[in-house]
**Q** 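If you scroll down you'll find the structure; I have some questions about it.
The first residue in the sequence is number 1, and the count goes up from there.
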Amino acid sequence: MRRRLLSGALGATLVLAGAVGCGIPDRSEVQTEQRGPAAEASWSLGRGSEPPAREASGSDAEAFVRNFLAAAAGEPDRAYDRVKQYIAVAERGGLQVKQGSEVALSVVRLTDDPVIEPDVDSMKVTISVQQVGLLRANGMLVPPLATETTYEFRLINAGPAGQDDAGFYVSGPPNVLLLSDEALRLYYQAESIYFWNSERTRLVPDQRYLSSAVPAERRVSEVVRWLTAGPSDWLRVGVSGLPDRTEMINNATGSDGRWEVNLDMPGADDVRLEQFATQLAWSLLELDGILEIKILNQSRKLVDLGEQRASNQLYLLDDSSARRFCVYEGAIHALAVANEPIGRVPVAADANHDVLSAGLRRAGSDVLAALVVSDGAGQRLRVGRGRDVVETFMTGPAHTVIGRPVWLRTDSDQPAGLVVADGELYRFDDRGAMRPVQLGLPGRVDAVAASLDGHRIALIVGGALHVAAISWEGGVPTIGPARRLATSLNRLTAVDWWAESRLLVAGAAGRPAIYDVSVDGALETRLRDDAGAEVTHLAAHPATPTSPLAATFMYEANGVTYRNNPFERIVREQVQDVTAPPTGVRPGNPTAPVFLY
């Protein structure tokens, strides 16, 4: 097995292969200012790391506490046994044990170091936490049920008085199985499985977590169970699950490039089996070889996993066509960065004025452009479509403030996008018509971003990060119920997708910062600890599971634009087709960065 490259632990530095003549940076290592711990799993050997035993921390009380918050990690059916090893023998019976699908771990993020206070014959421990989610036995992380922000318990010596190296036991433990986000990163592999959209024309990813202790030979069985169990609740409105009552018969079998899956799948005709084969091929991205699908013990389809992926691409993106642009002195201009090809401005000259920000997208051989422009009445959205260059635009109504517009990727001939105007979310079409979108969430909408698959969005509403699914009915996008995500950032200002299950989020962590946040909020990595000022624009060229390129971004803070790989300022000299200002006149700065891909 090959370990999946892009859906593993987010704390590891992601190394991407460079390419000459490609529309992304020539330096391709994603740089983080502070790395998180990397996952330690070895699928090629069929074994991974397990949480440390109780004795591993010796007399280090803080290390013991952190190990205790990892003890539940691993195979669900042994979670309670592992945690009980940390609890004082006389108190183990007080932990109510659950079985099977009822096993769930409360994932928490420490908001401060554990506070450990010595007492007469024990130590009092207080941990302050942010509730992240509930990790179920099926690998799904659902919204948290608990609301506690602190937990308290005590540590008692495990050995006779004066024998410190025997370690500790927990006395008065929490009544739930706690798992720190650090342990989730270390002892689980983040995996994408895929469901067809409602029209069955495109696959949409859904995130799961697989314990690194699960043997490699069970990988196929776990993925098939995840698929038969259906998508995450928040995603259901935009995708289709397998036929009702679909179940796996026994475990999947096989190794060394040949696997067998036996199912009970009502209505399993050739079309449905072909679609299921594509789901499996992408959900088992690190596997190559032949997979045989049986229905009620009868062989129905042989799937070459590599060929199935090659003939059913996830995202029809051409990395070599990606180009950088910005707004300079009210017009869109191409940017010259490193040795990247320079793009042709996709907006006709007579329409390229009074621009504040833009959303650009390729749609086959056409370009879609949505411009936010300023006129005497306020700000307006101007929308157009053209071959290479957009010449004709339709103009929408005036608003006080309009945010960055985003186009939704769709198989429909009717382009659509989303934009925030005066604190409300609107959808727009290629004629510039704007219609309000009801989210059912309290608070002001500050930002919106769209995923590559066109069926998921990220939102900042009421200062909090949310994700929601999109269903397409008659070519019109409908937003489903939003799920709020936990993040240690506050005062959020901007968001974009920069991988299929990862968000680029700007906010504050003491100082203005940019984080990489997983689509469920569980894993986050600091990419930029100090962005210099509040980030007002984020623009990413997202990575895909099979693309060794991309995963690059630009941002604007205090009227200045920056890029990553490496982090550096984009200056006027990199803006194409502008004349130098007269002597003594201070040049302007490029703003509102945007990618066209």
**Q** Using a strict cut-off of less than 4.0 Å between a Lys/Arg side-chain nitrogen and an Asp/Glu carboxylate oxygen, indicate whether Asp429 and Arg435 qualify as a salt bridge.
**A**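 Answer for the salt bridge query: yes.
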**Q** Using the ring pair (Phe, Tyr, Trp, His ring centres under 6.0 Å) rule, pick out the option among Phe595, Phe428, Tyr597 that qualifies with Trp407.
**A**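 Per the ring pair (Phe, Tyr, Trp, His ring centres under 6.0 Å) rule, the option paired with Trp407 is Phe428, out of Phe595, Phe428, Tyr597.
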**Q** If you take all heavy atoms of Leu408 and Ala450, which pair is closest and at what distance?
**A**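 Heavy atoms of Leu408 and Ala450 come nearest at CD2-CB, 3.5 Å.
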**Q** Over 60° means perpendicular and under 30° means parallel, so tell me whether Tyr188 and Tyr209 are parallel, tilted or perpendicular.
**A**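 Correct class here is perpendicular.
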**Q** Salt-bridge test for Asp520 and Arg483: reply yes if a basic N is under 4.0 Å from a carboxylate O, no otherwise.
**A**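 Arg483 and Asp520: not salt-bridged.
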**Q** Any salt bridge linking Arg82 with Glu50? Criterion: basic side-chain nitrogen under 4.0 Å from a carboxylate oxygen.
**A**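 Not counted as a salt bridge, because no side-chain N and carboxylate O are separated by less than 4.0 Å.
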**Q** Assess the side chains of Glu500 and Tyr315: does a donor N or O sit below 3.5 Å from an acceptor N or O?
**A**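 Result is yes, a qualifying pair exists.
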**Q** For the atom pair OG1 (Thr278) and CD (Gln308), what is the distance rounded to the nearest 0.5 Å?
**A**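 Interatomic distance, Thr278 OG1 to Gln308 CD, rounded to 0.5 Å: 4.0 Å.
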**Q** With a 4.0 Å cut-off on N to O distance, would you call Arg385 and Asp366 a salt bridge?
**A**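 So Arg385 pairs with Asp366 through a salt bridge.
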**Q** Kindly indicate, with the supporting measurements, whether the criterion side-chain hydrogen bond (donor to acceptor under 3.5 Å, both in side chains) is fulfilled by Asp264 and Thr246.
**A** CA-CA 6 Å; Asp264 180 358; Thr246 297; over 6 Å; no
**Q** Just checking Asp269: does its CG atom have more than 12 heavy atoms from other residues, nucleotides or ligands closer to it than 6.0 angstrom?
**A**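 Buried by this count: over 12 neighbours within 6.0 Å.
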**Q** Is Leu314 close to Trp282 at the side-chain level, that is, under 4.5 Å between some pair of heavy atoms?
**A**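 Yes, at least one pair of side-chain atoms sits under 4.5 Å.
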**Q** Are Leu527 and Trp498 close enough that some pair of their side-chain heavy atoms sits under 4.5 Å apart?
**A**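 Yes; the side chains approach each other to less than 4.5 Å.
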**Q** Looking only at heavy atoms, what is the nearest atom pair of Ala468 and Ala482, with distance?
**A**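 The answer is CB-CA, 4.0 Å.
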**Q** Where do Ala486 and Arg109 come nearest, in terms of heavy atoms and distance?
**A**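 The answer is O-NH1, 3.7 Å.
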**Q** Once rounded to the nearest 0.5 Å, what's the spacing between atom CG of Leu227 and atom CZ of Phe195?
**A**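 That separation rounds to 5.0 Å.
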**Q** Side chains of Asn262 and Asn297: donor-acceptor distance under 3.5 Å anywhere?
**A**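 Yes, a side-chain donor-acceptor pair sits under 3.5 Å.
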**Q** Could you check if a side-chain atom of Val505 sits within less than 4.5 angstrom of a side-chain atom of Leu492, using non-hydrogen atoms only?
**A**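 Side chain of Val505 against side chain of Leu492, heavy atoms only: contact under 4.5 Å found.
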**Q** For Arg225, I'd like to know if atom CZ has over 12 heavy atoms of other residues, nucleotides or ligands within 6.0 Å.
**A**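 Enclosed: over 12 neighbouring heavy atoms sit under 6.0 Å from CZ of Arg225.
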**Q** Atom OG1 in Thr552, atom CG in Asn565: separation rounded to 0.5 Å?
**A**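 Taking OG1 in Thr552 and CG in Asn565, the distance rounds to 4.5 Å.
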**Q** Using a strict threshold of under 4.0 Å (side-chain N to carboxylate O), is an ion pair present between Arg136 and Glu102?
**A**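 The answer is no: the pair does not qualify as a salt bridge.
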**Q** Taking CZ in Arg431 as the centre, count heavy atoms belonging to other residues, nucleotides or ligands within less than 6.0 Å. Is the count above 12?
**A**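 Atom CZ in Arg431 is not crowded, with 12 or fewer foreign heavy atoms closer than 6.0 Å.
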**Q** Taking side chain as C-beta onward, heavy atoms only, is Ser212 less than 4.5 Å from Gln189?
**A**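 Sidechains of Gln189 and Ser212: no contact.
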**Q** Quick one, Leu177 and Ser106 - any side-chain contact, counting heavy atoms below 4.5 Å?
**A**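 No; the side chains remain at least 4.5 Å from each other.
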**Q** Taking NZ, NE, NH1 and NH2 as the nitrogens, is one of them in Arg502 or Glu524 under 4.0 Å from a carboxylate oxygen of the other?
**A**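 Between Glu524 and Arg502 there is no salt bridge, as every charged N stays at least 4.0 Å from the carboxylate O atoms.
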**Q** Is there side-chain contact between Asp453 and Pro205, with at least one heavy-atom pair below 4.5 Å?
**A**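 The answer is yes, as the side chains (C-beta and beyond) meet within the 4.5 Å cut-off.
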**Q** Is there a side-chain contact between Val406 and Trp497, using heavy atoms and a 4.5 Å cut-off?
**A**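 Not in contact.
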**Q** Using side-chain heavy atoms (C-beta onward) and a distance below 4.5 Å, is Leu273 in contact with Ile295?
**A**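 Leu273 vs Ile295: side chains touch.
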**Q** Between OG of Ser232 and CE of Met140, what distance do you get to the nearest 0.5 Å?
**A**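 Reported to 0.5 Å precision, the distance equals 4.0 Å.
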**Q** How long is the gap from OG on Ser255 to CZ on Arg219, to the nearest 0.5 Å?
**A**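 These two atoms lie 16.0 Å from each other.
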**Q** About how many Å separate CE of Met434 and OH of Tyr426, when rounded to the nearest 0.5 Å?
**A**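 Output value for this atom pair is 6.0 Å.
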**Q** I'd like to know if Arg272 and Asp270 make a salt bridge, using a cut-off of under 4.0 Å between side-chain N and carboxylate O.
**A**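 No.
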**Q** Going by an N to O cut-off under 4.0 Å, is there a salt bridge joining Glu292 and Lys301?
**A**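 No, no charged N to carboxylate O under 4.0 Å.
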